Every structure is written in C-alpha cells, then in structure tokens.
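Presented below is the structure to which this report refers.
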Amino acid sequence: MSHYRTFTAHDAVAYAQQFGGLADPASLVEAQEVGDGNLNLVFKIFDTQGVSRIIVKQALPYVRCVGESWPLTLDRARLEAQTLVEHYKHCPQHTVKIQHYDAELAVMVMEDLSSHRIWRGELISGVYYPQAASQLGEYLAQTLFHTSDFYLHPHEKKAQVARFINPEMCEITEDLFFNDPYQIHERNNYPAELEPEVAALRDDAQLKTAVAALKHRFFSHAEALLHGDIHSGSIFVADGSLKAIDAEFGYFGPVGFDVGTAIGNLLLNYCGLPGQLGIREAASGRDQRLADIVELWNTFAERFQWLAREKTRDAALAFPGYASEFLKKVWADAIGFAGTELIRRSVGLSHVADIDTIQDKEMKLSCLRHAIELGKALIVLAPRIDSADELVARVRQYG
Ligand SMILES: Nc1ncnc2c1ncn2[C@@H]1O[C@H](COP(=O)(O)OP(=O)(O)O)[C@@H](O)[C@H]1O
Ligand SMILES: CSC[C@H]1O[C@H](OP(=O)(O)O)[C@H](O)[C@@H]1O
C-alpha cells in the first residue's frame with residue numbers, strides 16, 4: 001500500500017526536521033509553500049529566526065497548473081531527484097544539492113537557494129550576471145559529457161538509460177513542443193489576434209517536416225542524461241554563482257535539446273525585452289542576450305571538446321576530430337529545438353513571463369509575433385546556420 005499523502009506545511013516542517021541533515025533540526029519551526037512552477041509543491045522551511053534553511057519539494061498526483069483533470073505520475077519526483085544527484089556528481093558547482101528523497105511520498109529535501117534569484121526574473125528586470133552564460137555552458141558540458149557514450153562504459157550507459165526511462169514526462173514535451181502548436185488543440189493558448197500566424201504554422205509543410213525530424217530525434221537519440229527542461233526559470237543565479245534545479249523531465253535524449261532549450265529561453269527574453277524595458281532601453285539588453293548565447297555555446301563546445309580529448313573512454317569515439325563532428329550535429333539540433341521552444345512558449349499551454357507579463361497589448365502581440373517568426377526561421381534554417389556568429393546575424397535579421 002502506498003504511503004503517499006499531500007504534505008501540509010506542518011508535515012513539511014516535520015519532514016525537514018527528520019531528513020534535512022541540519023545540525024539543529026529542532027530550530028525548524030515554520031513552512032511556506034512558494035511553488036510558482038506548473039507542477040509541484042515547494043515548501044521553504046524557516047527557523048526560529050525567520051531564516052529559510054531548507055527546501056521540501058513534493059510532486060502532486062496531477063499537473064498543478066491544470067488541476068486534477070490532468071493526472072501525472074508521482075515517479076517524476078524520483079526522476080528529478082536522481083537526475084539532479086547524477087548531475088551533481090559531475091558538476092556540483094552548478095547543480096542544487098539533493099539531501100534526501102523518498103519515492104513513495106514523491107518528496108525530496110534539498111539545499112535552500114534563497115540567497116540566489118531565479119534567472120528569468122533577473123533577465124526580465126535587466127539585471128546582468130556576467131558569468132551566468134558561461135557557467136550554464138559549463139554545467140551543460142560537464143553533465144552531458146559525463147553521461148554520454150564518450151565517457152560511460154557501454155554497459156553502464158545502457159543501465160543508466162533504463163533507469164532514466166521517463167515516458168510520461170517525455171510525452172508532455174513531445175505533445176507541447178512538437179504537436180500542439182502545429183494543430184488545433186484545446187491546450188493551445190494565444191490571443192485571437194494571432195490566429196493568422198498560428199494558422200500559418202498549421203499550413204507550413206516545410207516547417208512541419210523539420211519539426212517532425214526534431215521530434216524524431218527527441219524520441220530516439222539517447223545521447224546523454226538531459227536536464228530536460230533547462231529554461232531560465234529552472235536556473236538560480238547570484239554573484240558568481242549559478243545552480244540548476246527542477247529536473248523532472250530528465251531522460252537520455254539528444255544533447256542539442258538541453259542546449260537548444262537554454263538558447264531558446266535567452267531568445268524569448270530577447271523578443272520580450274522591448275515590452276519589459278521600452279524600445280530604447282531594450283537595445284543594450286538585447287545585445288547582451290546575443291552575447292550570452294555566443295558565450296554559452298562557446299563555453300559548452302570548448303569544454304565538451306576538452307573533456308572529449310582528456311576523458312573519452314571509448315576507443316572509436318576518441319578518434320581525433322570525432323568530437324567536433326558530433327558538436328556540429330549538436331549545434332544544428334540546438335538551433336532547431338530553440339525554435340520549437342520559441343513557438344511552444346508563444347502559442348502553446350505554457351508561456352514565459354518574459355512576454356506574458358508585458359502590459360501593453362499591442363507591444364505584447366508584436367513580441368509574440370516576433371517570437372513565432374524567429375522560431376519558424378530557426379527550425380527551417382537550422383542546417384544552414386553553421387556558427388554562433390551566423391545565428392546572431394540571423395536573429396538580428398528578424399528584428
Ligand atoms: N532549492 C530551492 N531554493 C529556494 N527556492 C526554491 C528551490 N527550489 C525551488 N524553489 C522555489 O520554488 C519555485 C518552483 O520550483 P520549481 O522546481 O521550478 O517547481 P516546479 O517543478 O513546479 O516547476 C521556484 O521558482 C523557486 O521560487
Ligand atoms: C504541463 S507542464 C507544462 C510545462 O511546465 C514545465 O515547466 P516548469 O516545471 O518549469 O513549470 C515544462 O516546461 C512543461 O512543458
């Protein structure tokens with residue numbers, strides 16, 4: 001019989017006292033539920049001084065932002081905790097530390113990052129973290145290289161692929177990224193004024209063929225243990241520090257999906273900035289975002305190549321020049337996946353604050369149109385955009 005029950009604040013405090021690993025557990029006295037994501041409960045646990053000390057996160061048996069009409073596996077808590085534990089092994093400096101997790105209660109206790117801020121909010125407000133892009137590139141290189149066939153023994157790799165089979169969460173991505181925006185679907189969510197642009201997505205055969213190829217890669221290319229949803233709302237930043245959280249979509253998939261999700265979210269911020277900061281103020285923020293994308297990719301590619309040179313264990317994959325061939329494919333995939341993120345966050349179920357919180361209606365429509373057009377261009381042109389500089393030039397071409 002399952003012991004699952006949905007935690008109250010009182011339960012969360014008791015749980016943190018027992019499993020938080022703190023030297024003074026009795027000082028934990030209060031909890032506040034602060035979850036602002038689409039899926040789960042997140043409790044901050046405070047001590048007698050009112051300081052938040054540790055986090056308790058619990059999966060609900062349904063999608064939080066929709067309600068009980070959309071049931072969802074509790075196993076996502078295991079997948080999130082195990083993905084973060086695995087990533088922490090390879091990149092502790094940029095991964096939240098999981099203290100404890102319990103599969104039956106679908107709950108985990110983790111490091112409190114209240115000293116940090118969610119990167120998305122900072123990007124929207126124009127607060128710049130000069131090291132964040134390269135730190136994210138480092139996180140992606142370390143976690144993806146060390147969970148790939150370059151590094152893992154073939155038996156270990158296959159065992160890991162099996163351990164991280166994540167069909168229900170992958171199905172959400174498969175539907176939300178690659179199906180819904182390109183068909184009439186009740187989950188889609190966009191202003192009526194955008195109907196012509198959205199209808200054009202449904203009628204574009206070249207686009208839908210390219211999206212099918214991306215979905216096919218998402219289905220079938222078990223290249224590395226992905227975070228699976230590495231958007232700027234799943235990243236905490238502080239001066240000189242960056243930490244990834246929220247990895248319940250983790251599974252073995254194409255490396256370009258994580259890189260593309262990260263790039264896509266920087267581009268969503270690029271599209272929304274005029275609505276957030278005003279057209280004049282946005283210009284330098286936009287230049288910064290493009291520089292961030294170049295920095296992210298350059299750091300990722302350099303670090304991955306370095307790791308491949310120094311630590312590849314497979315004799316064939318170690319052949320000089322192979323890693324750089326692999327990275328060319330990762331780059332093309334990443335541009336395509338970034339395009340799908342731009343489109344699904346503009347017309348699909350789940351939007352981003354970078355554009356959603358724009359007050360002026362006309363400005364918001366213009367930013368959404370921009371994101372859709374840029375997304376389409378990236379998906380179709382991905383095979384021809386062969387460098388980060390070429391990407392920057394293409395993005396500027398679209399406004
Ligand atoms: N380790 C943490 N430290 C501090 N706050 C956190 C931590 N993890 C999550 N949060 C807070 O909870 C919110 C939701 O967490 P998230 O993991 O994104 O939930 P979901 O899985 O529902 O998307 C975050 O935006 C952040 O405000
Ligand atoms: C029905 S889940 C929609 C959407 O929510 C997830 O994001 P988060 O957990 O960070 O809120 C993920 O991006 C899913 O595609």
Side-chain angles (χ1 to χ4, degrees), residues 12 16 20 31-46 51-60 62-67 69-74 76-77 79-81 83-84 88 94-101 106-122 166 168-181 185-189 218 226-238 241-251 257-258 261-262 264-265 268 337 340-341 343-345 347-353 356:
Q32 195 186 348
E33 206 281 311
V34 297
D36 59 1
N38 287 323
L39 295 171
N40 303 299
L41 292 176
V42 179
F43 295 94
K44 284 190 174 190
I45 315 294
F46 296 89
V51 177
S52 178
R53 298 279 298 282
I54 196 118
I55 301 294
V56 174
K57 178 171 179 177
Q58 187 181 39
L60 293 164
Y62 53 86
V63 174
R64 179 179 179 153
C65 67
V66 173
S69 61
W70 188 345
L72 189 59
T73 176
L74 292 174
R76 68 186 190 270
L79 286 150
E80 171 169 0
T83 300
L84 290 168
Y88 188 88
H94 299 312
T95 310
V96 68
K97 186 169 181 6
I98 301 297
Q99 200 68 40
H100 168 88
Y101 82 94
V107 76
M108 71 200 83
V109 183
M110 71 179 112
E111 173 188 10
D112 191 328
L113 293 169
S114 297
S115 58
H116 289 56
R117 299 178 72 101
I118 291 289
W119 198 17
R120 190 184 300 288
E122 301 296 88
N166 194 353
E168 289 195 42
M169 303 308 284
C170 284
E171 187 180 14
I172 291 179
T173 302
E174 287 149 14
D175 288 342
L176 265 48
F177 272 71
F178 307 111
N179 289 4
D180 291 2
H185 199 287
E186 63 187 10
R187 274 190 300 249
N188 284 337
N189 171 22
F218 185 85
L226 307 189
H227 176 286
D229 194 25
I230 188 73
H231 59 78
S232 53
S234 297
I235 296 170
F236 269 108
V237 288
S241 176
L242 176 141
K243 303 268 183 186
I245 61 164
D246 197 16
E248 68 216 306
F249 289 82
Y251 87 115
F257 185 78
D258 266 6
T261 301
N265 278 273
L268 282 159
F337 286 126
T340 61
E341 176 73 341
I343 290 178
R344 74 106 176 188
R345 294 291 195 179
V347 313
L349 170 75
S350 175
H351 290 205
V352 289
D356 239 27

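Values below: every heavy atom of this structure, side chains too, minus hydrogens, waters and symmetry copies. Small disclaimer: the values here were computed from a predicted structure and weren't measured. All residue numbers refer to positions in the sequence shown, counting from 1. Just so you know, ligand 1 is whichever comes first in the structure, and atom 1 is the first atom listed for that ligand.
- Salt bridge Glu248/Arg64: absent, no basic N to carboxylate O contact under 4.0 Å.
- Here the NZ-CG distance, from Lys243 to Leu84, works out to 11.5 Å after rounding to the nearest 0.5 Å.
- The single protein non-hydrogen atom nearest to atom 9 (O) of ligand 2 is Asp246 OD2, 3.4 Å, given as residue, atom name and distance.
- Close contacts between ligand 2 and Val63 involve ligand atoms 1 (C) [criterion: under 4.0 Å to a heavy atom].
- In this structure, Trp70 counts as a contact residue of ligand 2, since one of its heavy atoms falls inside 4.0 Å of the ligand.
- Scanning all protein heavy atoms for the shortest distance to atom 12 (C) of ligand 2 gives Asp229 OD2, 3.2 Å.
- Asp246 and Ser234 make their closest contact through OD2-OG, 3.7 Å (heavy atoms, listed as atom of the first residue, atom of the second, distance).
- Counting heavy atoms from C-beta on, the side chains of Leu349 and Asn189 never come closer than 4.5 Å.
- Within the 4.0 Å heavy-atom criterion, neither part of Val66 lies near ligand 2.
- For ligand 2 and Leu39, the ligand atoms under 4.0 Å from any heavy atom of the residue are 2 (S), 9 (O).
- Summary of contacts: the protein heavy atom closest to atom 10 (O) of ligand 2 is His231 NE2, 2.8 Å.
- A donor-acceptor pair shorter than 3.5 Å can be found between the side chains of Ser52 and Asp112.
- Residue Ser350 has at least one heavy-atom neighbour below 4.0 Å for each of these atoms of ligand 2: 3 (C), 4 (C).
- Of all protein heavy atoms, the one lying nearest to atom 24 (C) of ligand 1 is Asp36 OD1, 3.4 Å.
- Closest heavy-atom contact between Ala16 and Ile45: CB-CG1, 3.8 Å.
- For Arg64, no heavy-atom contact with ligand 1 is shorter than 4.0 Å.
- Near Ile118, with a cut-off below 4.0 Å to any heavy atom, the atoms of ligand 1 are 25 (O).
- Of the heavy atoms in Arg344, only side-chain atoms (C-beta onward) come closer than 4.0 Å to ligand 2.
- The residue Glu341 has no part lying near ligand 2, judged by heavy-atom distances below 4.0 Å.
- The distance criterion of under 3.5 Å between nitrogen or oxygen atoms is not met by Ser114 with respect to ligand 1.
- Not a single N or O atom of Glu80, backbone or side chain, sits closer than 3.5 Å to an N or O atom of ligand 1.
- Contact annotation for Leu349 and ligand 2: only side-chain heavy atoms (C-beta onward) come within less than 4.0 Å of the ligand.
- No donor-acceptor pair under 3.5 Å is formed between the side chain of Gln32 and the backbone N or O of Val34.
- At a 4.0 Å cut-off, not a single heavy atom of Arg76 sits close enough to ligand 2 to count as contact.
- Using a 3.5 Å distance cut-off with no hydrogens or angles, the side chains of Glu341 and Asn265 do pair a donor with an acceptor.
- When Ile98, Val42, Leu60, Leu113 are checked for heavy-atom proximity to atom 4 (C) of ligand 1, Leu113 turns out nearest.
- Compare Lys57, Lys44, His231 by their heavy atoms: the one nearest to atom 19 (O) of ligand 1 is in Lys57.
- Heavy-atom contacts of Met110 reach the following atoms of ligand 1: 1 (N) (cutoff under 4.0 Å).
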Run Leu60 and Arg76 through side chain to side chain contact (heavy atoms under 4.5 Å, CB included) and show every step you take. CA-CA 10 Å; Leu60 293 164; Arg76 68 186 190 270; 4.2 Å; yes
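- Of all protein heavy atoms, the one lying nearest to atom 5 (O) of ligand 2 is Asn38 ND2, 2.7 Å.
- Relative orientation of the Phe218 and Tyr251 rings is tilted, given thresholds of 30° and 60° on the angle between their planes.
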Go through it in stages, so that I can follow the logic: the residues are Phe257 and Phe177, the test is ring pair (Phe, Tyr, Trp, His ring centres under 6.0 Å), and I'd like the CA-CA distance, side-chain angles, deciding distance and then a yes or no. CA-CA 11 Å; Phe257 185 78; Phe177 272 71; 5.2 Å; yes
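- Ligand-side atoms of ligand 2 in range of Glu248: 9 (O), range being under 4.0 angstrom from any heavy atom.
- Every atom of ligand 2 with a heavy atom of Gly37 under 4.0 Å away is listed here by number and element: 11 (O).
- If you look at Ile55 next to ligand 1, the close heavy atoms, those under 4.0 Å, all belong to the side chain.
- Counting heavy atoms under 4.0 Å from ligand 2, residue Leu176 touches it through the side chain alone.
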CA sep, side-chain torsions, deciding dist, call: Ile55, Phe43, side chain to side chain contact (heavy atoms under 4.5 Å, CB included): CA-CA 6 Å; Ile55 301 294; Phe43 295 94; over 6 Å; no
